[in-house]
Amino acid sequence: MSTRFHEGRPSDSNLVRGNTSPYRAPIEDVALALDVAGLNELLDLDAFSHIDRASILLALEEFGRLAADAIAPSDRAGDLVGARFDALTYSVTTPSEYHDAYRLYVEGGWGGLPFPRDFGGGDLPSVVALAQQEIFASANMALSLNPVLTQGAIDALLNWGSIEQQMTYLPRLLTGEWTGTMNLTEPDAGSDLGEIRTLAEPCGPSEWRISGTKIFITWGEHDLASNIIHLVLARTPDAPLGTKGLSLFVVPKFLLTSDGSLGERNTVNCVAIEEKLGIHGSPTCEMFFEHAIGELVGPLHGGMRAMFTMMNAARLSIGMQGPAVGERAFQHALEYATERLQGRAYGVEAPMRSSLVEHLDVRRMLLTMSTTTQASRLLLYWVGSQTDRARHDVDRETAQSMVDLITPIAKAWSTDEGFQTASLGIQVLGGAGYVEESGMAQRLRDVRIAPIYEGTNGIQAIDLVSRKLGRDNGKWVLLLFDEIAAAIPEVFSSDDPLAVSIKSLSVALSTLRSTTEWMLERLSRRSDDALAGATSYLELFGITMGGWLMFKRATLAAATLHASRSRAVAESNFFAMEVMGRSAGLAQPIMGGADHLRMPISPLGL
Ligand SMILES: Cc1cc2nc3c(=O)[nH]c(=O)nc-3n(C[C@H](O)[C@H](O)[C@H](O)COP(=O)(O)OP(=O)(O)OC[C@H]3O[C@@H](n4cnc5c(N)ncnc54)[C@H](O)[C@@H]3O)c2cc1C
């Protein structure tokens, strides 16, 4: 087996061509990002009095070791072998490497970190679970989707399930002994869920029969768990049209007997899995429900609200795939660039040769990779900690409003940046990056789905502009801008180590304020103009939030004499110059209006 392009340790378990690039959980950066998100303040709340920062970091370190030693080595087999479907038995087989990795995850009790102790969980802040999800997705994005969907199902049942449903399903979903799925998409209902046709008919006091086809269902069928608990959006007879007529149902693969053990097989089957660009180890299933037995979760016709509980948490988890894959790509690219010799860097004399990392353009790429990864991690953790505040703090309304406002930005901006980072990873490796053997191409192929599922990034931008921005007359967005402004010193010296960050953040915030005013004004009379600029506006918002949090990180690291304080300051300035420096230029596409988008696209005049 050739290891020409592989810069890390060979893996014994790798029986397929190509290697898994090694992964090391960046615990120091994770810890600092948790601090910027306000972990210590969260731990002062009564809800978290049973846990302290040191224990949390120890747990994340331990999970990091599991990720590096057991989960990451299964990643390449997942890509090359993938999930396999057997049409005779309607079964899906995953690579053997996945079985060991998942078993260790279950045995370690890692699935229940943020959930109530009453059901076997750890009652930890959800931002800590987000950090754990990041580490898992870095190690193996395809496998990590299984717990992500399971945790979404747990959230839905915790918030909307009856006591009986919670007692029946939660303990074994928390351990990971059973897994969960989210069944929304149908052939005619993708972004437009109002078109869902799957039918739920009443049959007895609490029983329903579900019939229809769902497509693209992640981990809808597999061989890692003894039962799969499907949460399904369906329409009841005579329900109103559109999303208002949807209800949520829980449909187990195996029905349960009165003592809770597995009974008969329910009539829900996977009838095909998709061949796709990446995440080959994650089965993407077409599910056929044939009068399958289910139970209503939450109120009749309240399905969208219930499903949103699941989707909002899942949007942060999917957003996390951006920095997660970005981190893995960065570690691989840095290692490769350190070892490969090409040409001579500026100032280096013959006969010396330079490593790639000494060339300024390669440094630009590596630093862009690492700083956008840091910035999107900070953004996601920040929203994650607002989620905890919205549950447990005194000012829950403000925290929940921030979660609602920033979730679409965190999902879309972070996944777009994650894809760009993986692409830069290929660029750093040159031709070796483009060929499959190096493993870098897998990063790009895997992460490409993240801007599409869990609501496309285009839909996130529309959600931000048309539903979130103008809420309460723009009160929340203005409150957030004031908070960012308060962090920017009015007077500072040009010798200030963070002068570049301060200047760039002021410009970005001022562009964001003026484009927000324009957006709010257009929403009231020409909302098509606002929709036309929505994606660029979301990008500007993401960059500004990222720059603000990078600045906060540097300030916090400097104030606490953190070991990585000089790196944090330099990274903030780099992000300010190279990434936030683009912010002012976004004003034009944001405020360009809709008319130019109505020009003919093809000779047919479409
Ligand atoms: C690998 C994979 C895993 C998935 N996992 C799941 C899962 O577990 N459960 C599940 O239910 N679904 C899942 N999905 C489905 C996924 O959520 C949808 O593919 C996604 O929501 C987009 O829907 P669509 O594919 O029908 O695209 P469409 O809705 O047809 O969108 C196509 C394009 O048009 C744009 N567009 C659509 N409507 C509008 C509009 N009103 N305004 C402006 N632009 C618009 C979109 O942004 C997109 O760019 C998965 C998909 C994949 C590929």
Do side-chain atoms of [X] reach the backbone of [Y] as a donor and acceptor pair under 3.5 angstrom?
X	Y	result
Thr150	Asn146	yes
Ser126	Ala129	no
Ser138	Ala324	yes
Lys411	Gly455	yes
Glu295	Ser206	no
Arg448	Pro451	no
Gln165	Leu296	yes
Ser261	Thr257	no
Gln321	Val447	no
Ser55	Ile51	no

Quick one: do the [X] and [Y] side chains pair a donor with an acceptor below 3.5 Å?
X	Y	value
Gln133	Gln151	yes
Ser385	Asp388	no
Ser91	Asp223	no
Thr179	His222	yes
Tyr23	Glu327	no
Gln420	Asp416	no
Asn269	Glu290	no
Asn140	Ser74	yes
Lys276	Thr284	yes

Enclosure of Arg197 CZ (heavy-atom neighbours >12, cutoff 6.0 Å):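 At most 12 heavy atoms, drawn from other residues, nucleotides or ligands, come within 6.0 Å of this atom.
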Please check if atom NE2 in His291 has more than 12 non-hydrogen atoms from other residues, nucleotides or ligands closer than 6.0 Å.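 No, because the 6.0 Å sphere around NE2 of His291 holds 12 heavy atoms or fewer from other groups.
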salt_bridge(Arg377, Glu134) N-O dist < 4.0 Å: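 Result for this pair is yes, salt bridge flagged.
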Salt bridge present between Arg328 and Asp446 (N-O < 4.0 angstrom):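 The answer is no: the pair does not qualify as a salt bridge.
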Heavy-atom pair of closest approach, residues [X] and [Y]:
X	Y	result
Thr421	Gly326	CG2-CA, 3.6 Å
Asp463	Pro408	OD2-CG, 3.7 Å
Asp123	Pro116	OD1-CA, 3.4 Å
Ile426	Tyr434	CG2-N, 3.9 Å
Ala31	Arg53	CB-NH2, 4.2 Å
Thr181	Met310	O-CE, 3.5 Å

Is there a side-chain contact between [X] and [Y] (heavy atoms, below 4.5 Å)?
X	Y	value
Thr218	Ile279	no
Leu429	His332	yes
Thr267	Phe289	no
Asp155	Phe115	yes
Val250	Val232	no
Leu464	Ile409	yes
Arg209	Leu199	no
Leu248	Leu233	yes

Point-to-point distance, once rounded to the nearest 0.5 Å, from [atom1] of [X] to [atom2] of [Y]:
X	Y	atom1	atom2	answer
Leu34	Ile56	CG	CD1	7.5 Å
Tyr98	Ile71	OH	CD1	11.0 Å
Leu80	Gln442	CG	CD	7.0 Å
Arg315	Thr407	CZ	OG1	8.5 Å
Leu32	Glu28	CG	CD	8.0 Å
Ser144	Tyr105	OG	OH	9.5 Å

Quick one: do Phe288 and Tyr90 satisfy ring-ring contact (aromatic ring centres under 6.0 Å, His included)? Show the steps, please. CA-CA 11 Å; Phe288 184 51; Tyr90 298 134; 9.1 Å; no
As a quick check of understanding, evaluate side chain to side chain contact (heavy atoms under 4.5 Å, CB included) for Val383 and Met402, giving each step before the final call. CA-CA 7 Å; Val383 189; Met402 291 302 156; over 6 Å; no
Taking Glu221 as the fixed residue, which of Lys253, His230, Glu286 is the one that meets the side chain to side chain contact (heavy atoms under 4.5 Å, CB included) rule?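 Answer after filtering Lys253, His230, Glu286: Lys253.
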Side chain to side chain donor-acceptor pair (under 3.5 Å) against Arg445, all qualifying residues, sequence neighbours excluded: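 For Arg445 the side chain to side chain donor-acceptor pair (under 3.5 Å) partners, ignoring immediate neighbours, are Asp79, Glu436.
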Is the Tyr453 to Phe216 ring centre distance short of 6.0 Å?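 No.
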So Trp219 and Leu145, side chain to side chain contact (heavy atoms under 4.5 Å, CB included) or not? Walk me through it. CA-CA 8 Å; Trp219 287 94; Leu145 276 161; 3.9 Å; yes
Candidate pair Leu170 and Leu158, rule side chain to side chain contact (heavy atoms under 4.5 Å, CB included), full reasoning: CA-CA 8 Å; Leu170 289 180; Leu158 266 178; 3.7 Å; yes
Residues forming a side chain to side chain contact (heavy atoms under 4.5 Å, CB included) with Thr236, sequence neighbours excluded: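 With sequence neighbours excluded, Thr236 shows a side chain to side chain contact (heavy atoms under 4.5 Å, CB included) to Ala200, Trp208, Ala239, Ser247, Phe249, Leu300, His301, given in chain and number order.
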Worked check of side chain to side chain contact (heavy atoms under 4.5 Å, CB included) between Met182 and Glu454: CA-CA 10 Å; Met182 181 163 82; Glu454 230 25 81; 3.0 Å; yes
